[in-house]
Number of protein chains: 2
Amino acid sequence: MPKINKTKYAILGILNLKPSSGYDIKKYCDLSFSHYWNENFGSIYPMLKRMEMEGLVNKKTEQNEGKPSRIIYSITEKGKSEFYEWMLTPTEEKSTRRERLLKLAFANPREENNREIIMEMFERQKAVIQQKLDEYLQIENDIAMDDPLTETNGISLRVIALRCLIAESRAQIQWCEESVEAIKNMKSKSKNGRTS
Amino acid sequence: MPKINKTKYAILGILNLKPSSGYDIKKYCDLSFSHYWNENFGSIYPMLKRMEMEGLVNKKTEQNEGKPSRIIYSITEKGKSEFYEWMLTPTEEKSTRRERLLKLAFANPREENNREIIMEMFERQKAVIQQKLDEYLQIENDIAMDDPLTETNGISLRVIALRCLIAESRAQIQWCEESVEAIKNMKSKSKNGRTS
DNA sequence: GTATCCATGTAACCAGTTACATGATTGC
DNA sequence: GCAATCATGTAACTGGTTACATGGATAC
């Protein structure tokens, strides 16, 4: 299965909300889902051109006196159908490179003095994750504050997306704690037990 | 902060265990941590050359009669110190592209008929995650079976690494379920409540 | 008058993947 | 004889990031 350029879908998704310029798209990304998605001008502008040639979007130059002219793209029917198809495709988030786990795999707890290093590793990792978690919780709080709709009309999808990151972070923190305990036990056991 | 080539550290980590050829390194990756790390020959061989020039590894050609000759690399002191430095650096696993969450962000639950699609999305995502989870659990089981040391001497780091993936998957599944519930409630509320 | 924002783009680069080329050996 | 494995490598490509170039408008 080939790697597919997802910038296309991000753009389609935003244009499906409303016609926008490349600049708008970038702004929207930064503002609305910076914690789990990123786009750069270097990807957006060339992709928009490509998408126009593929008939996924329509182009319209907006001439504004005074202000610089903007190129507004809108999604076509073809673009919409491609977008909805993508939306319903189950996402396989390939984690081919998880640095944290790789590091762990290289640690060797059989050697006595290494255990301290490994426990230190976990503590440091935990601190990084905790910091992220605090950040997410802060944002969750902010959203609830400035969007009273969430109370009367249920929670927003922005919050739901954020809660995935929150749930994952919490799971990771717990995993760090459990792992430290497991390594501690390993240590005490090898003292009066056997050593390979 | 610039993106750093992590292939280097993966190689250092493996060579720190024992001197190996490029081929060995690839095999080790596939065998030992395929679920969270991947390397290709296209990265390994050029990197080994570069690392030799940087003095991180030593090269030794092994001439075997009959068998094809192998180039065995071993880690140097400089390589070791760079490796341990990396090991203790807290890992910031940037999730700049979480397709699942992006999809969610584009879903609009305010429109009645969209809710069905969103719930369907969650169900499909959940199924994908569940499949992964089952896979992980199977491997965890396999490791425990063929490695009796884990019982007497505590659990291996291979299992601990795996348990991170397991914990994350479980958190994600729970998140899917909670989200579906939240959207259901949103729906019933908007029926006898207000609609924007 | 200068820093920041609006706005569009290109070029260069890096990481990582895939495909290809080569050739020897082993197992069926 | 043929497929699979051992073994090393290169070339081409894709996805994504960063830096640069340009120029007008706005805010202080």
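Chain letters run A, B, ... following the sequence lines, proteins first, then strands; residues in each count from 1.
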For A:Tyr45, the other hydrophobic cluster members (4.5 Å side-chain criterion, sorted by chain and number) are A:Tyr23, A:Phe41
Length of the CD1-P vector between B:Ile11 and C:dA15, whole Å:
13 Å
Contacts of type side-chain hydrogen bond (donor to acceptor under 3.5 Å, both in side chains), residue A:Arg98, not counting sequence neighbours
B:Glu93, B:Glu168
Qualifying residues under side-chain hydrogen bond (donor to acceptor under 3.5 Å, both in side chains), relative to A:Glu135, sequence neighbours excluded:
none
Going 5' to 3' through nucleotides 7-17 of chain D and flagging B where a protein heavy-atom sits under 4.0 Å of the base, S where only the sugar-phosphate is that close, and - otherwise, we get BBBB----SSB
Take the protein atom CD of A:Glu99 and the nucleotide atom C1' of C:dG16, then report the distance between them rounded to whole Å.
15 Å
Sorted by chain and residue number, the side-chain hydrogen bond (donor to acceptor under 3.5 Å, both in side chains) partners of B:Arg97 (sequence neighbours excluded) come out as A:Thr7, A:Glu39
Other cluster members, B:Val128 - Ile/Leu/Val/Met/Phe/Trp/Tyr, side-chain contacts below 4.5 Å
none
